[in-house]
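Okay, structure first, notes after.
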Amino acid sequence: MSENFSHSDRQNGIRNTVAGIIIFIVVVLALFVNRISQERILSPKEMVANGAVMFSVPREISPLTLIDQNQQPFTKSRFADKWTLVFFGFTHCPDICPTTLALFDQVSEILADTEYAVDTQFLLVSLDPLRDTPEKMKPYVEYFNSDFIG
C-alpha cells in the first residue's frame with residue numbers, strides 16, 4: 001500500500017497532521033485562557049466549603065458599645081449601609097492576626113478600584129481588651145491599613 005503514495009503525498013499528509021494538531025492546541029489554549037479570565041462567582045455551597053458562614057435568616061445585631069482606636073464610640077449604627085468584614089483577634093497575636101489583617105489589606109486593595117470600596121469596612125475586635133487599649137490598637141491596625149477600624 002505504501003507504494004501508492006509518493007514522497008510529496010507523504011509530506012503533505014505530515015504537514016496537514018502537524019497543522020491540525022497545532023490548530024487543536026491553539027483552540028484548547030484559547031478556551032482555557034477565556035475560561036480563567038472570566039469572573040468566577042461561587043455558589044452558596046462553594047462559599048460554605050471555603051469557610052463562609054451564611055445565615056438563611058439575617059441575624060439581628062444586639063446593641064453594643066465599643067471604643068475604636070480613635071477613642072470614639074463604635075455602636076451598631078456604624079454597621080448601617082456597609083459591608084463589614086470582622087475579625088476577632090488581639091495585638092499580641094503572633095501569627096494568625098497579622099496574617100489575617102495583611103489579607104484584609106489585600107482585599108481592600110482589590111476593592112479599591114470597584115464600587116464596593118465605598119461601602120466596605122474592615123474591623124478588628126479585640127479579644128484582649130485589657131491589653132489592647134485604643135492607644136495600642138491605633139498603630140497596630142493602621143500599620144496594615146489606615147482605613148481599618150480597631
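Along the sequence shown, the residues carry numbers beginning at 1. Keep in mind that what you see is a predicted model, and the values were worked out from it rather than measured. The figures that follow rest on heavy atoms only: side chains count, while hydrogens, waters and symmetry mates do not.
Other residues sharing a hydrophobic cluster with Ile110 under the 4.5 Å side-chain heavy-atom criterion for ILVMFWY residues do not exist; the residue is a singleton. Counting Ile, Leu, Val, Met, Phe, Trp and Tyr side chains that sit under 4.5 Å apart, directly or through other members, Ile67 stands alone, with no cluster partners.
Evaluation of the side-chain contact (heavy atoms from CB on, under 4.5 Å) rule for Thr114 yields Leu111, Tyr116 as partners, not counting sequence neighbours. Partners of Gln71 according to the side chain to side chain donor-acceptor pair (under 3.5 Å) rule, which considers only residues two or more places apart in sequence or in another chain, are Glu135. With sequence neighbours excluded, no residue forms a side-chain contact (heavy atoms from CB on, under 4.5 Å) with Val118. Under the side chain to side chain donor-acceptor pair (under 3.5 Å) criterion, Glu46 pairs with Arg40, Ser43, not counting sequence neighbours. Under the rule for a side chain to side chain donor-acceptor pair (under 3.5 Å), the partners of Ser77 that lie at least two apart in sequence or sit in another chain are Thr75.
Residues in residues 20-31 take part in no salt bridge (charged side-chain N to carboxylate O under 4.0 Å, His left out) pair, two or more places apart or across chains. Listed by first then second residue, pairs satisfying ring pair (Phe, Tyr, Trp, His ring centres under 6.0 Å) with a partner in residues 125-148 read Phe122-Phe148, Tyr140-Phe144, not counting sequence neighbours. Sorted by first then second residue, the salt bridge (charged side-chain N to carboxylate O under 4.0 Å, His left out) pairs that include residues 56-84, not counting sequence neighbours, are Glu60-Lys76, Asp68-Arg78.
In this structure, the separation between NZ on Lys136 and CD on Gln69 is 16.0 Å, given to the nearest 0.5 Å. In this structure, CG in Leu123 is found 8.0 Å from CG in Leu66, a value given to the nearest 0.5 Å. Between the OG1 atom of Thr133 and the NZ atom of Lys138 there is a distance of 12.5 Å, given to the nearest 0.5 Å. Atom-to-atom distance recorded for Leu124:CG and Phe104:CZ is 8.5 Å, nearest 0.5 angstrom.
A chain of hydrophobic side-chain contacts below 4.5 Å, direct or via other Ile, Leu, Val, Met, Phe, Trp or Tyr residues, connects Leu127 to Leu64. Residues Val125 and Ile149 fall within the same hydrophobic cluster, defined by Ile, Leu, Val, Met, Phe, Trp and Tyr side chains chained together at heavy-atom separations under 4.5 Å. In the hydrophobic cluster analysis, where Ile, Leu, Val, Met, Phe, Trp and Tyr join through side-chain heavy atoms closer than 4.5 angstrom, Ile61 is grouped apart from Trp83.
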Could you go through residues 84-97 and list every donor-acceptor pair under 3.5 Å that involves a side-chain atom there, pairing it with any protein atom two or more places apart or in another chain?
residue : atom : partner : partner atom : Å
Thr84   : OG1  : Gln121  : NE2          : 2.8
Thr91   : OG1  : Asp132  : OD1          : 2.3

Can you give each donor-acceptor pair under 3.5 Å made by side-chain atoms of residues 16-37, sequence neighbours left out, with the distance rounded to 0.1 Å?
residue : atom : partner : partner atom : Å
Asn16   : ND2  : Asn12   : O            : 3.3
Thr17   : OG1  : Gly13   : O            : 2.8
Ser37   : OG   : Val33   : O            : 3.1
Ser37   : OG   : Asn34   : O            : 3.0

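With 3.5 Å as the limit, one finds no donor-acceptor pair spanning the side chains of Ser108 and Asp105.
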